[in-house]
Amino acid sequence: MNSKTGADGVIAGTGIVGCLIAEQMLDAGLSVVMLEAGPDIDRGRIVENYRNMPPSTKFLLPDGPFPPVPWALHPTAYTGNPEKDYLITTGPDAKAYQQTYVRYVGGSTWHWAGTLWRLTPEDMMIKSKFGRGRDWPFDYSVLEPYYTRAEDAIGAAGPSDPALQWPPIRSKPYMMEVFPYGSGQKRCAQAAESIGLRYIPCAQARNNKLAYQGRPPCSGNNNCQPVCPIAAKYDAYSSIPRIKAKGGAVLTNAVVYRVETDDKNHVQALHYYAPDKSSMRVTGKTFVLACNGIETPKVLLFSRNDKNPNGVANRSDQVGRNMMDTPKMFVLAQFKEPVWNGLGPMSPGAIMSTSQGEFRSQYAGGQILLVNLSGANTAGLNALKQKLVGRALDEAIRRETACGGVFSVEHEVLADAENRLTLSDNKDVLGLNKPAIHYDVGDYVRKGADLHTFPITEKLAKALGAEKVTRVPGFFPSQHIMGGAIMGNDATTSVVDPDCRAHDHSNLFLPGGAAMPSGAAGNSTLTMAALAIKAADAIVAQTKRG
Amino acid sequence: MGTARLALPSLGVTLLVAVGSASAFAADSDEIARGKYIATASDCEACHTRSGGKPLAGGLPLESPLGVIYSTNITPSRQYGIGTYSLQKFSNALRAGIRGDGAHLYPAMPYASYARLTDDDIKALYAYFMQQVQPVDEPAAKQTSLPFPYNMRFSMAFWNALFLDSKPFAPDPSQSAEWNRGKYLVDGAAHCGECHTPRGFFMQQKHSQEFGGAVIGSWYAPNITPDANSGIGALSADELFRYLKFGKVAGKAQAGGEMALAVQLSFSRLSDEDLHAMVSYLRSVPALPDPHAKSKFMQGGPFSDVTSFRGVGGMSYDRSLPGGAAQLFAANCAACHGIAARGSRDTYFPSLFHNSALAAGGGRNVIATILFGISRSPTDGLAFMPGFGGKTTDIADLSDEQVAQLANFLLQHYGDTRYSVTPNLVKQVRDGQSPAPVLMTLVTVGEWVGGTLLSVLVIWFVARHSSRTFARSQSS
């Protein structure tokens with residue numbers, strides 16, 4: 001076994017959570033080694049991969065430009081065949097947990113939309129307020145300063161008008177003003193107003209009119225997913241050169257598979273495989289698994305040993321449980337008049353108020369948004385299917401692009417111990433078990449969609465002039481991976497404490513989506529980033545104490 | 001601009017104030033405002049403020065192979081700045097290159113140009129520096145400390161005796177007031193020739209080739225004489241005015257490097273009258289044609305080679321691109337400039353063909369732009385292109401070979417096809433080096449054999465020619 005003396009901080013994962021923690025540790029004068037399972041691929045290659053994709057797959061496969069390396073697979077087009085799929089999902093909503101994430105340097109912020117919703121105070125207290133799900137071990141006022149720091153670390157463009165903020169409880173204004181709506185969003189906001197709802201602009205992790213951290217202002221490529229071609233959208237990849245310049249080491253193709261603990265149950269080292277399966281052991285003072293809700297519990301479960309027979313950090317048996325997302329419903333609309341989606345960022349706004357209310361004791365709320373994606377690609381494919389040519393083809397594409405629309409409704413799912421990640425019997429080339437997840441969105445979500453969000457979405461679509469409204473059956477993943485190493489004050493019912501420190505191991509931190517006790521209906525990344533910074537404060541303090 | 005208007009109520013008065021004999025009419029606040037305006041026109045801030053530092057407190061590093069030269073604290077701090085300077089000492093520093101303690105300045109300080117400033121403007125500048133600039137009572141973040149023999153400042157006296165013209169500007173009565181004002185600004189405060197005029201053997205400005213274009217550090221400062229092909233003759237007076245005010249002529253030229261800084265900190269803050277005056281004068285200087293030049297605004301055309309590689313290799317995690325230079329362009333440039341390099345319709349992203357940046361100076365500015373990007377904030381908002389040179393704030397890390405490959409693709413299809421560049425040139429541009437002159441070689445050989453004068457000249461040469469933009473990024 002090869003062994004290296006690592007650093008003050010050994011961090012597995014180079015996504016937003018790992019990078020924020022690494023930079024904070026380096027700024028505090030601590031040394032850092034980052035271990036990334038996948039390769040370091042530059043933006044130009046990813047942009048060209050995207051352009052090389054056949055049009056028929058462009059919208060369907062956000063992971064398309066990120067072909068996985070054999071030693072660090074991530075989910076790709078779902079086949080339902082456990083031999084072929086990396087992420088094996090089962091249960092009533094198996095398809096709805098086919099998450100896409102990227103095991104490359106920079107992680108999944110490569111293909112996030114850049115949406116910066118915060119949780120509301122009530123989102124963090126659904127158990128005590130509504131008797132459902134789980135409460136956070138602290139309230140919004142504790143998280144708020146970390147939200148602010150996360151927004152500043154990322155570079156956030158958001159509304160300065162409190163009436164348009166979500167929630168309007170902020171200690172600091174946004175660094176940049178929010179983007180103006182394009183045509184479709186403007187009309188949707190007017191339609192919402194006409195039915196008594198407020199469509200509000202979403203804070204964005206992209207530069208508006210100024211360059212921040214060397215990244216240019218957004219120029220409206222409408223290409224946030226799967227990759228911003230110019231890095232106007234924050235992605236963790238853009239922080240890697242800074243981390244290296246500050247002395248951080250980034251090891252690529254280093255697949256962490258084991259957390260080693262000693263007889264006091266302190267973590268001694270992380271073990272990783274190189275692509276040729278040679279193994280390396282990295283020691284350090286403080287260890288961080290920043291691999292989000294699927295890979296983090298996977299590594300913990302792999303790491304079972306005599307002292308931790310259920311896996312590391314798993315005395316509570318909650319590792320891998322409570323897997324959450326924001327189950328997505330699609331509603332397709334055909335409008336009488338042109339609406340024109342596709343100018344500017346892809347998710348510029350939403351109705352958020354529909355995620356809040358007393359009904360949460362009965363069923364789920366959700367955020368409702370008109371996807372701001374140019375429909376030209378699907379319109380073109382549909383028109384070609386009709387075998388149109390010449391002017392008729394042009395007109396059909398134009399009509400559908402102008403008059404088509406997709407509403408995306410993302411629901412609050414409850415933490416449920418039965419929604420569980422386990423190690424499957426199928427293995428990858430390194431002999432590591434692929435993750436399996438059982439998933440059921442639950443009656444809470446199904447009822448919420450039927451009774452609450454779909455009727456509102458239908459009303460909104462009609463107010464916007466829809467001739468035809470179609471609810472796509474079933475639910476879809478939103479890529480908001482949460483749960484798996486859930487947070488709480490009680491070590492018997494949760495995996496990590498309020499600083500994302502493992503209850504069972506004082507020098508092991510599991511920050512990010514895995515720790516979130518609830519996710520409400522918003523996108524999870526900003527909350528993950530806030531938890532990363534909160535954890536980093538604790539990590540710096542305890543690592544300096546020695 | 002309120003300040004400027006206050007100081008420059010009309011062109012006639014402007015001229016009087018600028019070039020007339022000592023005038024006592026200005027009240028103190030007017031004089032200070034005028035001094036501030038001259039300081040803006042002189043772009044003191046660009047060199048005397050380091051990135052993130054206090055205004056005019058110095059400490060900006062100017063990289064050079066002989067060592068780093070740092071700008072000084074020119075705030076009125078009595079201990080660390082120029083607070084103890086009399087008007088005479090102040091004038092000597094600006095116009096004769098002699099520091100308060102009698103030592104010679106390195107001509108990184110453009111005193112040969114500031115020598116044109118009138119007594120009146122020197123007095124106003126003095127009033128502004130002493131009465132309105134906030135003293136910063138701390139030493140510049142770093143001080144220049146060059147090794148022997150480069151530290152012998154006195155030898156500059158010989159150079160001054162040979163090349164320094166110490167006569168302040170005198171108006172030419174046969175020309176218009178506007179022309180005279182323009183010449184005064186161009187030759188004096190704005191010190192255009194320091195970058196745009198080529199240097200002779202002793203690094204003096206070659207007046208026979210005034211404004212004919214020269215390499216300065218990483219960048220090429222182009223020919224700004226009225227020649228229609230190689231200069232600015234094909235641009236209208238209004239286009240030139242807009243260039244100075246906003247930093248670009250849509251689709252034809254844009255300010256990068258130090259010129260971007262000059263537009264941002266200086267020209268965009270001058271009065272429209274003064275900018276018109278500068279344009280008026282520049283359009284009247286002798287044209288210097290490059291005998292081989294084709295119009296630098298008419299080279300290249302829309303071109304795309306995308307069909308040769310699109311889809312080839314599919315989706316891969318191999319970083320190398322099968323389409324070579326054409327795909328390097330697609331991957332890094334096309335999202336903004338377009339797959340055929342037409343730019344955006346609103347011209348925020350310039351077209352690359354018909355663009356003078358790709359048709360002058362041997363392609364040097366193509367390289368510098370790829371490596372360092374563009375950042376310019378004049379009054380009408382930010383113009384920004386990220387760097388691709390691998391600095392911590394850059395969005396890509398292209399190698400010297402890749403930059404050369406990409407630059408040659410750009411020059412071949414969108415620019416002057418006579419030019420081709422090498423990875424070695426990319427490295428020089430990356431390091432901020434001008435081509436080594438004969439003099440430099442002589443000094444290297446003979447520096448211990450009494451080459452003191454030459455040595456100091458080299459320091460000066462290097463300091464003047466180091467890319468301050470590059471130095472800024474190093475310091476940030």
Side-chain angles (χ1 to χ4, degrees), chain A residues 38-54 57 61 63-72 76 102-105 207-221 223 226-232 235 237-246 252-253, chain B residues 306-307 309-339 343-346 348-349 372-377 380-399 402 406 473-474 476:
Chain A
D40 179 340
I41 308 297
D42 59 313
R43 186 176 315 275
R45 173 80 251 188
I46 291 168
V47 169
E48 283 301 277
N49 278 348
Y50 173 66
R51 293 180 179 143
N52 280 350
M53 288 173 73
T57 63
L61 298 177
D63 55 302
F66 309 91
V69 293
W71 55 90
T76 51
V102 178
R103 292 171 84 188
Y104 279 12
V105 173
N207 293 339
N208 186 12
K209 292 187 180 161
L210 62 84
Y212 182 59
Q213 294 171 336
R215 298 181 290 109
C218 175
S219 60
N221 283 286
N223 211 128
V227 59
C228 177
I230 63 171
D235 53 49
Y237 190 73
S238 63
S239 66
I240 295 288
R242 238 176 17 242
I243 286 168
K244 288 182 176 170
K246 289 174 180 178
T252 55
N253 305 315
Chain B
V306 70
T307 49
F309 59 79
R310 180 57 64 236
V312 176
M315 286 150 280
S316 166
Y317 49 79
D318 178 354
R319 288 181 72 147
S320 69
L321 296 167
Q327 198 167 12
L328 215 45
F329 172 77
N332 293 289
C333 318
C336 293
H337 293 287
I339 198 67
S344 59
R345 225 178 270 180
D346 66 358
Y348 179 87
F349 300 120
F372 309 127
I374 298 282
S375 181
R376 194 175 65 226
S377 298
D380 66 339
L382 174 73
F384 188 85
M385 167 177 154
F388 292 77
K391 292 202 302 292
T392 56
T393 52
D394 289 350
I395 68 159
D397 181 11
L398 300 183
S399 66
Q402 286 175 311
L406 181 55
S473 66
Q474 295 293 301
S476 61

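Atoms considered below: every heavy atom in the structure, side chains included; atoms not considered: hydrogens, waters and symmetry mates. Because the structure is predicted, anything quoted here is derived from the model rather than measured. In what follows, chains carry the letters A, B, and so on, assigned in the order in which the sequence lines appear, proteins first and then strands, with residues in each chain numbered from 1.
Ranking B/Ala334, B/Ser375, B/Ala335 against chain A, the residue ahead of the rest is B/Ala335, based on heavy-atom pairs under 4.5 Å. Taking chain A as the reference chain and counting heavy-atom pairs below 4.5 Å, the highest number among B/Gly381, B/Gly311, B/Ser316, B/Gly314 is found for B/Ser316. Per-residue heavy-atom pair counts under 4.5 Å with chain B were compared for A/Ser219, A/Ala231, A/Pro216, A/Pro68, and the maximum is reached by A/Pro216. Most heavy-atom pairs under 4.5 Å with chain B, from the set A/Pro229, A/Pro67, A/Ala245, A/Pro39: that is A/Pro67.
How far CD1 of B/Ile395 is from SG of A/Cys228: 8.0 Å, rounded to the nearest 0.5 Å. Here the OG atom belonging to B/Ser377 is positioned 9.0 Å from the CG atom belonging to A/Leu210, to the nearest 0.5 angstrom. Summarising the geometry, atom CD1 belonging to A/Ile46 is positioned 14.0 Å from atom OH belonging to B/Tyr317; distances are rounded to the nearest 0.5 Å. How far CE of B/Met385 is from CD1 of A/Ile230: 11.5 Å, rounded to the nearest 0.5 Å. For the atom pair A/Gln213 CD and B/Thr392 OG1, the distance stands at 10.0 Å (nearest 0.5 Å).
Side-chain atoms of B/Asn332 do not come within 3.5 Å of backbone N or O of A/Gly44 as any donor-acceptor pair. For A/Arg242 (side chain) and B/Thr393 (main-chain N/O), no donor-acceptor pair under 3.5 Å exists by modelled atom type. Looking only at distances, a side-chain donor or acceptor of A/Arg51 sits under 3.5 Å from a matching main-chain atom of B/Ala330.
Only the backbone of B/Val312 comes within less than 4.5 Å of a heavy atom of chain A; no side-chain atom from C-beta onward does. Contact annotation for A/Tyr104: only side-chain heavy atoms (C-beta onward) come within less than 4.5 Å of a heavy atom of chain B. Contact annotation for B/Ser320: only backbone heavy atoms (N, CA, C, O) come within less than 4.5 Å of a heavy atom of chain A.
For residues 314-335 of chain B, the pairs satisfying salt bridge (Lys or Arg N to Asp or Glu O under 4.0 Å) are A/Asp40-B/Arg319, A/Asp42-B/Arg319, with sequence neighbours left out.
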Passes side chain to side chain contact (heavy atoms under 4.5 Å, CB included), B/Leu382 versus A/Lys209? Steps please.
-> CA-CA 7 Å; B/Leu382 174 73; A/Lys209 292 187 180 161; over 6 Å; no
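The two atoms that bring B/Phe309 and A/Glu48 nearest to each other are CE1-OE1, 3.3 Å, heavy atoms only.
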